[in-house]
Each structure stands twice: as C-alpha cells, then as structure tokens.
Amino acid sequence: MTGQKIIPHLWFDGAAEDAAELYTSLVPDSSIGTVSRYGKAGFEVHGQPEGTAMNVEMRLGGQPLLALNGGPMFRPTPAMSYFLTFEDRDALDRAWQALGDGGQVHMPLDAYPWSPCYGWLDDRWGVSWQIALGELSQTGGQALTPMLLFSGAQAGKAEAALAHYTEIFPESGIEALLRHDGSGPDPAGTVMHAQFQLAGQTFMAGDSALAHDFTFTEANSLVVFCEDQAEIDRYWHALSAVPEAGRCGWLKDRFGLSWQIIPRHLPALLASPDPKVMETFLQMGKIDISALERAAR
C-alpha cells in the first residue's frame, strides 16, 4: 500500500470498515484504499461472515493505517494510542465529539501545560486517541503518531525499549526525552514523554506507574514490511521474545508489544484463489516467502 516501512495495525471484530469510514471523515488528507473481503474460506479462519471486510487500508492525515476484522479474541487498550495533531480548532472539536460518541474519556478536552487544547479518549470500539491542537512541524509533519505507554509490569521500561528499537531499525534515533522528576508515582528518571524515529517515522512513548488495568495486546500491532527473506529473518530474530506467540508473521517482543514481520507482496500472495496458499500461511510462525510462492504456483 505504501513504501513506508512500519505501519500501525488495528484489530476489530466486524467493525473495521465502519471505523475506517469514521476515522477518514474526521482527519484532513485522509482516504480509504483497498478493502479485501472474506469469502467462504474466510468464515473458517476468523468466524467472519462471507462478504465482511477482511483488511481495510486507509490513510489518516496522509499516514497509512491498516485495519483487520479478526474476530473477538483481542481488544485494544490505551497502552497503544494514536496521537492526532490538529492545526484547526474546529476540526479538532469535530473529531473529539465523533470519537467520543459511545466511548470513554481518560482526560477531558482542556488546556494543559503541554498543549492549549488536549484530550485523551477511547472510541466506541476501544481504540485510544490522544487529540491535541498544535503544529504538525512538532511531530515530524505527521498528523497521526503512534504512542506507546509502558504500564503495569512494563512501567519504567520505556527507555530500554526505545534503545532496543532504535538499534534494530535504520534511520532511527531519540529526538526528545522528558523524564519524571520523582514527585509522583513514577520513579525519578523514568520517561514522562519521548519522541523518537524508527525507519524515518515519528513515534511517541512514555512510562506510567499508575495502577492501570491494561497493557499491550495484539489488537494494536506494528507491521514491518520486508523486501526479502533475509530482512524477515533479521527483524524476526531481533524482536521475537515469546516463541509461543509467533504465528502467521506475528510476534511479541520482550516488552509485550506485538509486531507483524511480513513480505511487502504478502497481500498479492494471499489473493491467490488456491486454498493451499492460505493453508500454508496459517501453519507458519515466521513467514517463509519461498514456501508461500511455491504454494501459489
């Protein structure tokens, strides 16, 4: 769908297309791209009715985002949220109202020390959004920026995660890092807020020692598009830390964050009408490109 290396991926239970329509209506420079749908074989894979959208490609503020109707197994949590920066107050207010309809507010829309207008909420599907009035130049020109919150057992590990990720990916580095001063529940020196780059893309992260009842789940993952098997092997071995979680290109790293390590032409391979391709794919942990190509032939 794009030459971008890393793309956020959302997991829904039947609502991916509705969510994409809402999201793209609220953020300037947004659109829905390719929508693939479940056929009869799809019902056996994820329990989704025939004709339901399977994968939805979209762009929010020019940034690519993927959505999957994968079933009821996973639900998103605020451990991974999406920071939306608006330069227009009216557009921000419309987005806040629409995303908050049927959702849950974590921090009300208000003025804060870091923003003249900011709020944090989960939408009706549980996807978490941080919305702020500001300049896109402050986020590398990105209207949409993924934000990782290290809480619970992962609290205090944000800086170690950033060091790990920026070592693995090219064109990476920490751009800004603000530390907790120890006056609250978070130990002094842990990360209050960080902005960093992976493969030339801007991300955010922070620690929270508050008593949150959530952590990372598969409902929010990061897709890494690879050009060949050597690249798949390198990223898989660098990130995978929970062997039993590795399936169909998905893995969990040592901080509990889920990634998908896939070849860029995977959608074309899985579009094959031969059911042997999907059967082969579903049996894989780390993806074997040559095995999929043999099945497709």
Side-chain angles (χ1 to χ4, degrees), residues 8 10 19 22-30 59-63 65 76-152 154-155 158-159 161-162 174-186 190-197 201-216 219-220:
L10 301 172
L22 176 65
Y23 301 160
T24 56
S25 73
L26 300 174
V27 183
D29 189 21
S30 299
R59 299 183 77 85
L60 288 186
Q63 291 295 113
L65 191 68
T77 76
M80 187 167 176
S81 59
Y82 300 91
F83 200 106
L84 286 176
T85 302
F86 287 89
E87 295 183 317
D88 178 76
R89 177 59 194 263
D90 289 340
L92 182 152
D93 288 339
R94 286 194 299 271
W96 178 264
Q97 184 67 33
L99 291 171
D101 185 13
Q104 175 184 354
V105 173
H106 295 291
M107 297 180 68
L109 193 64
D110 205 344
Y112 294 89
W114 59 87
S115 174
C117 184
Y118 166 89
W120 187 359
L121 55 75
D122 297 345
D123 66 26
R124 71 198 69 170
W125 301 290
V127 179
S128 197
W129 303 89
Q130 298 190 56
I131 299 175
L133 189 66
E135 298 179 2
L136 295 183
S137 59
Q138 298 173 336
T139 57
Q142 294 180 194
L144 173 75
T145 307
M147 165 74 183
L148 307 176
L149 185 65
F150 293 79
S151 62
Q154 304 302 331
E159 190 166 10
L162 268 56
I174 299 173
E175 298 177 318
L177 197 154
L178 180 65
R179 299 183 185 277
H180 287 287
D181 61 10
S183 60
D186 291 271
T190 55
V191 178
M192 178 182 292
H193 182 83
Q195 188 165 300
F196 62 105
Q197 285 215 341
Q201 301 160 224
T202 301
F203 295 79
M204 298 175 180
D207 287 307
S208 178
L210 294 172
H212 298 299
D213 60 353
F214 58 77
T215 186
F216 297 117
N220 287 290

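Remember, it's a predicted structure, so these values are computed and weren't measured experimentally.
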Worksheet item: When you look at CD of Gln97, are more than 12 heavy atoms from neighbouring residues, nucleotides or ligands closer to it than 6.0 Å?
Response: no

Fill in: Atom pair CD/CE of Glu175 and Met204 - distance to nearest 0.5 Å
9.5 Å

Worksheet item: Heavy atoms, side chains only, cut-off 4.5 Å: are Leu10 and Val127 in contact?
Response: yes

Discussion item. Would Leu121 and Leu109 count as a side-chain contact (heavy atoms from CB on, under 4.5 Å) here? Give the steps.
Written reply: CA-CA 9 Å; Leu121 55 75; Leu109 193 64; over 6 Å; no

Worksheet entry | Distance-minimising heavy-atom pair for Gly62 and Arg59 | O-NH2, 2.6 Å

Discussion item. Would the distance check show the side chain of Glu87 and the main-chain N or O of Leu136 forming a donor-acceptor pair, the cut-off being under 3.5 Å?
Written reply: yes

Discussion item. Applying side-chain contact (heavy atoms from CB on, under 4.5 Å) to Asp123 and Leu22, what does each step give before you reach the verdict?
Written reply: CA-CA 11 Å; Asp123 66 26; Leu22 176 65; 5.8 Å; no

Worksheet item: So, Ser151 side chain and Phe214 main chain: donor-acceptor pair closer than 3.5 Å or not?
Response: yes

Worksheet item: To the nearest 0.5 Å, how far apart are CD in Gln197 and CD in Gln142?
Response: 7.5 Å

Worksheet item: By side-chain hydrogen bond (donor to acceptor under 3.5 Å, both in side chains), which residues pair with Asn220, not counting sequence neighbours?
Response: Tyr82

Practice prompt. Please check if the side chain of Gln63 supplies one atom and the backbone of Pro8 the other of a donor-acceptor pair under 3.5 Å.
Written response: no

Fill in: ring pair (Phe, Tyr, Trp, His ring centres under 6.0 Å), paired with Tyr118, selected from Phe86, Trp129, Tyr112
Tyr112

Worksheet, complete the sentence: Between the CE atom in Met192 and the CG atom in Leu177, the distance rounded to the nearest 0.5 Å is 10.5 Å

Item to complete: Can you see which heavy atom on Ala143 is nearest to which on Gly61, and at what distance?
Response: CB-CA, 4.0 Å

Discussion item. I need the minimum non-hydrogen distance between Asp207 and Ala158, along with the two atoms involved.
Written reply: OD1-N, 3.0 Å

Worksheet item: Going by heavy atoms in the side chains, are Phe216 and Leu148 under 4.5 Å from each other?
Response: yes

Worksheet entry | From Trp120 atom CH2 to Ile131 atom CD1, the distance as rounded to the nearest 0.5 Å | 12.5 Å

Practice prompt. Decide, yes or no, whether a salt bridge links Asp90 with Arg94 under the criterion of side-chain N to carboxylate O below 4.0 Å.
Written response: no

Discussion item. Among residues at least two apart in sequence or on other chains, which ones pass salt bridge (charged side-chain N to carboxylate O under 4.0 Å, His left out) with Arg124?
Written reply: none

Worksheet item: When you look at Thr202 and Gln195, which way does the side-chain contact (heavy atoms from CB on, under 4.5 Å) test go after all the steps?
Response: CA-CA 7 Å; Thr202 301; Gln195 188 165 300; 3.6 Å; yes

Worksheet, complete the sentence: Heavy-atom nearest pair, Ser115 first then Ala132, reads OG-CB, 4.0 Å

Item to complete: Decide side-chain contact (heavy atoms from CB on, under 4.5 Å) for Thr77 and Thr215; before the verdict, give the C-alpha distance in whole Å, the side-chain angles of both, and the deciding distance to 0.1 Å.
Response: CA-CA 7 Å; Thr77 76; Thr215 186; 6.0 Å; no

Discussion item. Could you check whether any side-chain heavy atom of His106 comes within less than 4.5 Å of a side-chain heavy atom of Gln130, counting everything from C-beta outward?
Written reply: no

Item to complete: Can you measure from CD1 (Ile174) to CZ (Phe203) and round to the nearest 0.5 angstrom?
Response: 13.5 Å

Practice prompt. Taking the side chain as every heavy atom from C-beta outward, state whether Leu26 and Leu84 have any atom pair closer than 4.5 Å.
Written response: no

Worksheet entry | For Glu159, all residues meeting side-chain hydrogen bond (donor to acceptor under 3.5 Å, both in side chains), sequence neighbours excluded | Arg179

Worksheet item: Is the side chain of Ser128 donor-acceptor paired with the backbone N or O of Asp122 at a distance under 3.5 Å, no angle test?
Response: no

